[in-house]
Structure formats: C-alpha cells, structure tokens
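Working notes, beginning with the structure itself.
Both counts, for ligands and for their atoms, begin at 1 and track the order of listing. Both backbone and side-chain heavy atoms feed into the values below; hydrogens, waters and symmetry mates do not. Here the structure is a predicted model, which means the values were calculated and not measured.
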Amino acid sequence: MIRLKKPWIGRFKKSTDKLVEKFTASINFDCRLYYHDIKVSIAHAKMLEIVGLLTSKESKLIINGLKEIEKDINNEKIKWFIKLEDVHMNLEVNLIKKIGNIGKKIHTGRSRNDQISTDIRLYLREEIDKIKLKITTLRKRLIKLAISESDTIMPGFTHLQIAQPVTFGHHLLAWHEMISRDHSRILECRKRINILPLGSAALAGTTYPINRNLIKELLGFDNITENSLDAVSDRDFAIEFTSFSSILLMHLSRMCEELILWTSLPFDFIELPDFLCTGSSIMPQKKNPDIPELIRGKTGRIYGNLLNLLVLMKSQPLAYNKDNQEDKEPLFDTTETVKNCIDNFIKIITNLKIKPKKMYLSALCNYSTATDFADYLVKRGVPFRDAHSIVGKVVYYGIKNKKNFNEIYLDNLRNFYNKIDEELLEVLTLEGSINTRNHIGATAPSQVRSAALRAKKYLKKLLG
Ligand code: ARG
C-alpha cells in the first residue's frame with residue numbers, strides 16, 4: 001500500500017478538504033509529463049551525486065528506481081492519486097515506496113516550481129521537433145506541386161473577383177511562403193524554449209552547491225536561465241509557441257478556405273478523393289470537404305488557447321503562482337491540434353485532383369487581361385491613367401454587348417484608340433499575360449520554376 005502523505009503535512013493540523021483537493025490537483029492532465037519529469041529527476045540525481053550531495057550508491061538507487069517507475073507507468077501499473085496533487089508528488093511518493101527513505105533525497109535543492117518549468121520546456125522542445133518535420137514535409141509537397149503546376153493557368157483574385165490570370169504553381173508558392181515564415185518562427189521559438197530553469201528552486205535559488213551547467217548538458221539545453229524569479233514564473237515561451245501555432249493555423253485556414261471554394265461547383269477547380277471526404281446523412285448527392293472545414297474550424301480553438309495563456313499571465317506578480325498550473329491543458333491541446341491539422345492538410349494536398357481546363361475557362365472570364373491591354377497602350381505612349389480609361393470603356397462595351405475581348409474585332413477596338421495593331425491579340429491571351437510577367441516574384445511559368453528551385457535550395461540549407 002502506498003502512503004498518501006502530503007509533503008507539507010508537518011505544517012498542517014487538518015487534512016485538505018476533498019473538494020479543494022480535487023480543485024487544486026493537476027494529476028489528471030499533467031501525468032502526461034511523467035516521461036519528462038523522470039528524465040529531469042534522473043539528471044538532477046546525477047548532478048547531486050557529482051557535487052557530493054548524494055553518494056553514488058544513493059544516486060544509482062534513485063535512478064534505477066525512477067527507470068523502473070517509468071516502465072511501470074508504460075505498463076499501466078501505476079495508479080495516479082488526486083490526493084498527491086500532481087505528477088511530481090505522485091512520482092516522488094512512488095519512488096519512496098520503491099526504494100525506501102533514500103527516495104526522500106531526490107527533492108534536495110529543487111522545487112516543483114523549477115521542475116514544472118523544466119518539464120514543459122522539454123515537452124515543448126520535443127513537440128516542436130515533431131512539428132518541424134511535418135512542416136518540412138508540407139513545404140516539400142507544396143514545392144513539388146508548384147513545379148508540376150507551373151504552367152497551369154488559373155484566375156487570380158482580388159476581392160474574390162477574377163482579377164488577372166496567374167499560374168497555379170505561383171498560387172501554391174504563395175502558400176509555401178506563408179509556411180516558410182512559420183517554419184522560421186518555430187525555429188526562433190525553439191531557441192527561447194531550450195533554456196534550463198532547473199536550479200532556480202522555489203524562487204530564489206538554493207543554498208546547495210549545485211551545478212546547473214551539468215544538468216544543462218545532461219538534458220541537452222542550450223543555456224541556463226539568468227534569473228530564478230523569472231525562470232519559475234515565466235511562461236512567455238508557451239505563449240510564443242501558441243502564437244506561432246495561431247499564425248500557422250491562420251495560414252492553413254486561408255488555404256483551406258480556398259480549397260473549400262475550389263471544390264464547390266461554382267468554382268470546380270479541384271476534386272478531393274472519396275477517401276478524404278464525407279457524405280450527408282440526408283442528401284444522397286453530397287460529398288463534403290470536411291477536412292479543410294475542420295482545420296478552418298480548429299483555428300478558432302488555437303486562437304482561444306493563445307488568448308487563454310495571455311490572460312493567464314496578465315498581471316501575475318513575481319514569482320510562481322498557482323495560476324500557472326492552468327497552462328498545461330491549452331498547451332497540450334495546441335500541440336495535438338497543430339500536428340493533426342498539418343498531417344491532414346498534407347493528405348489533402350497530396351491527393352488533389354486538379355482540373356486545369358476549369359481553371360483556364362474561369363481565367364478567361366471578367367476581362368482578366370484588361371491590365372495587359374492598358375499596359376500595351378502605355379508601351380505605345382499613352383499615359384497609364386488614359387490607358388486605364390480607354391480599356392474601361394472597351395470593357396463596358398463588352399459587357400453591354402456580351403462580348404469577351406477576343407470577340408471584339410480589331411476595327412471595332414480602334415474606335416477606342418486608333419493605333420491598336422495585331423500585336424494586341426497576343427497581349428490579350430492568358431498565355432501572353434502570364435508569360436510577360438517575367439521577373440522575380442511574378443507569375444510567369446519560368447519564374448515559378450526558378451522560385452520553386454530556390455525554395456528547395458533554401459529548405460535544404462535550413463535542414464543542414
Ligand atoms: N502542478 C504545478 C503546476 O503545474 C506544479 C508546481 C506547483 N508549485 C506550487 N508551489 N504549488 O504549476
């Protein structure tokens with residue numbers, strides 16, 4: 001039988017109210033950090049031995065005990081107790097049960113305050129490394145698709161009105177740019193997360209001759225925190241991670257919104273395979289893009305988590321406050337949601353059926369080469385503002401007479417400007433339009449291909 005004694009029992013005459021016990025406990029969710037907590041305790045025990053605070057026999061006993069507990073947890077042999085409040089106290093009591101009184105020495109020179117901050121940082125570092133890999137895969141898929149779709153013409157939109165023709169590859173590279181900035185954001189965020197708070201103890205440091213640098217090395221942190229008060233109370237690294245997540249999800253939601261529009265019949269630019277869609281329980285004909293809709297929906301949840309953490313930290317005096325226990329659930333939810341959303345988005349992007357003909361026909365609408373027409377006039381000496389007005393009149397004439405540019409005869413066009421020649425016909429084609437937007441950052445197929453190759457190169461460099 002395990003003795004469920006609270007460590008602060010000496011100071012208290014009465015045991016904790018059951019309602020309060022339940023309210024203050026975090027074990028139901030922070031038990032998830034057992035692996036990280038054990039890792040931190042093992043490093044701490046090694047350090048205590050090296051600085052002479054534990055004998056090597058004691059530290060061996062503690063470390064082996066912790067390793068056995070880890071196995072027990074993996075084999076579901078450990079029961080978590082609300083009475084023991086959190087993962088730290090549950091593990092400590094289990095250690096004492098397993099190895100006896102020596103287990104009582106593990107908490108020398110540390111506090112749950114620096115312990116939990118270290119645990120979360122370790123946890124987030126691991127999650128970030130998984131997310132980084134997923135982002136890399138997503139970037140590779142987008143670049144690959146952009147290359148194969150570098151010639152595919154589609155309408156480009158502003159205000160969701162057909163504006164100018166673009167290449168689908170160019171559109172995909174726009175998505176890639178968003179994700180590449182998210183990629184650099186998470187790499188920056190990781191740097192600030194990978195700093196060791198352990199050794200700060202409760203708030204002021206400890207009287208023991210600890211070696212923080214040693215723990216830093218053992219746990220693979222890049223640096224140690226500079227101020228113990230800040231180290232135990234700071235959660236801005238978690239806010240930064242959730243902020244990165246919010247921006248990433250914002251980007252994914254924009255892409256998803258486009259995918260949803262494109263699968264709808266009025267657009268009909270793409271089709272999603274059956275195995276990635278769902279049907280309707282009442283309307284037999286329906287095939288719904290649930291994945292992109294859900295990613296769009298889950299974005300709100302991540303923003304909620306960000307706001308949650310921001311408000312949680314607002315106005316908190318130094319140093320640790322129990323409020324901080326509330327950081328875990330939004331954080332866990334954020335890491336899970338982000339991983340799921342990227343995985344599902346990758347699935348979608350890898351299995352798109354693209355309908356280039358539909359895209360092309362749509363790009364032909366709404367006088368999408370009107371700007372090219374105006375540019376043609378400018379190149380023949382007409383000031384741009386006058387050129388804009390002349391083309392505006394042609395467009396108005398076309399709308400009135402239900403004629404597209406290519407359905408208006410040259411003679412007729414010359415009524416709007418008398419020096420128009422045959423060359424205009426090529427200028428007004430979709431191909432003419434995209435091919436002449438031929439500079440870095442523009443939509444011409446050759447530019448898209450070189451931009452994609454550059455993106456590939458940068459990504460490779462980033463991955464080292
Ligand atoms: N469960 C606590 C948390 O998640 C651990 C730190 C508790 N510290 C304390 N002084 N009560 O923040």
Side-chain angles (χ1 to χ4, degrees), residues 4-12 15-17 19-41 43-44 66 69 73 78-95 106-127 193 195-206 215 219 225 227-239 241-242 305 308-335:
L4 306 181
K5 248 182 31 189
K6 294 202 170 60
W8 53 80
I9 194 79
R11 160 72 178 76
F12 286 70
S15 54
T16 324
D17 183 282
L19 189 73
V20 173
E21 212 160 51
K22 218 170 147 190
F23 186 64
T24 51
S26 55
I27 187 63
N28 284 341
F29 48 88
D30 70 12
C31 59
R32 185 179 181 144
L33 293 172
Y34 76 87
Y35 167 80
H36 306 90
D37 202 70
I38 288 176
K39 220 172 148 174
V40 171
S41 288
H44 185 65
L66 287 166
I69 292 172
I73 299 170
I78 294 274
K79 195 170 167 334
W80 302 113
F81 292 100
I82 298 252
K83 223 177 172 38
L84 296 175
E85 203 176 295
D86 57 22
V87 67
H88 322 295
M89 276 156 54
N90 268 275
L91 288 175
E92 187 179 309
V93 167
N94 269 287
L95 182 67
I106 185 62
H107 213 52
T108 312
R110 75 174 189 189
S111 149
R112 286 185 295 158
N113 297 353
D114 57 348
Q115 227 181 319
I116 188 62
S117 175
T118 310
D119 290 2
I120 313 171
R121 284 169 185 268
L122 268 187
Y123 165 80
L124 267 184
R125 186 178 81 188
E126 261 179 39
E127 291 301 304
I193 284 178
I195 297 173
L196 175 80
L198 205 71
S200 305
L203 73 161
T206 175
I215 303 195
L219 293 174
T225 53
N227 182 296
S228 61
L229 292 166
D230 173 54
V232 293
S233 61
D234 162 47
R235 292 292 180 274
D236 62 21
F237 65 90
I239 295 176
F241 170 75
T242 318
N305 290 341
N308 187 341
L309 292 175
L310 279 169
V311 179
L312 179 69
M313 279 313 288
K314 181 187 175 293
S315 313
Q316 264 199 49
L318 286 171
Y320 176 86
N321 299 286
K322 187 77 166 179
D323 312 41
N324 286 351
Q325 183 164 287
E326 285 291 304
D327 65 354
K328 276 151 221 76
E329 285 166 296
L331 258 187
F332 295 156
D333 183 63
T334 302
T335 54

Minimum-distance protein heavy atom relative to atom 1 (N) of ligand 1: Q325 OE1, 2.8 Å

For atom 7 (C) of ligand 1, the closest protein heavy atom turns out to be Y320 OH, 3.5 Å

Just need the protein heavy atom nearest to atom 10 (N) of ligand 1, so name the residue and atom and give the distance. N113 OD1, 3.1 Å

Do we see a donor-acceptor contact under 3.5 Å between the side chains of E126 and H36? yes

Side chains of R110 and T206, heavy atoms from C-beta outward: is any pair under 4.5 Å? no

Qualifying residue, where the test is side-chain contact (heavy atoms from CB on, under 4.5 Å) with L91 and the options are D86, L84, I73: I73

Can you find an N/O atom of D86 closer than 3.5 Å to an N/O atom of ligand 1? yes

Would you mind checking which non-hydrogen protein atom is closest to atom 11 (N) of ligand 1, with the distance to 0.1 Å? R112 NH2, 3.3 Å

Which atoms form the tightest heavy-atom contact between S233 and M313, and what is the distance? O-CE, 3.4 Å

Considering only non-hydrogen protein atoms, determine which one is nearest to atom 4 (O) of ligand 1 and report residue, atom name and distance to 0.1 Å. K328 NZ, 2.7 Å

Between the side chains of S111 and Y320, is a donor N or O closer than 3.5 angstrom to an acceptor N or O? no

Judged by non-hydrogen atoms, does Q115 sit under 4.0 Å from ligand 1? no

Using side-chain contact (heavy atoms from CB on, under 4.5 Å) as the criterion, point out the one residue from I193, I116, V40, L198 that pairs with R121. I193

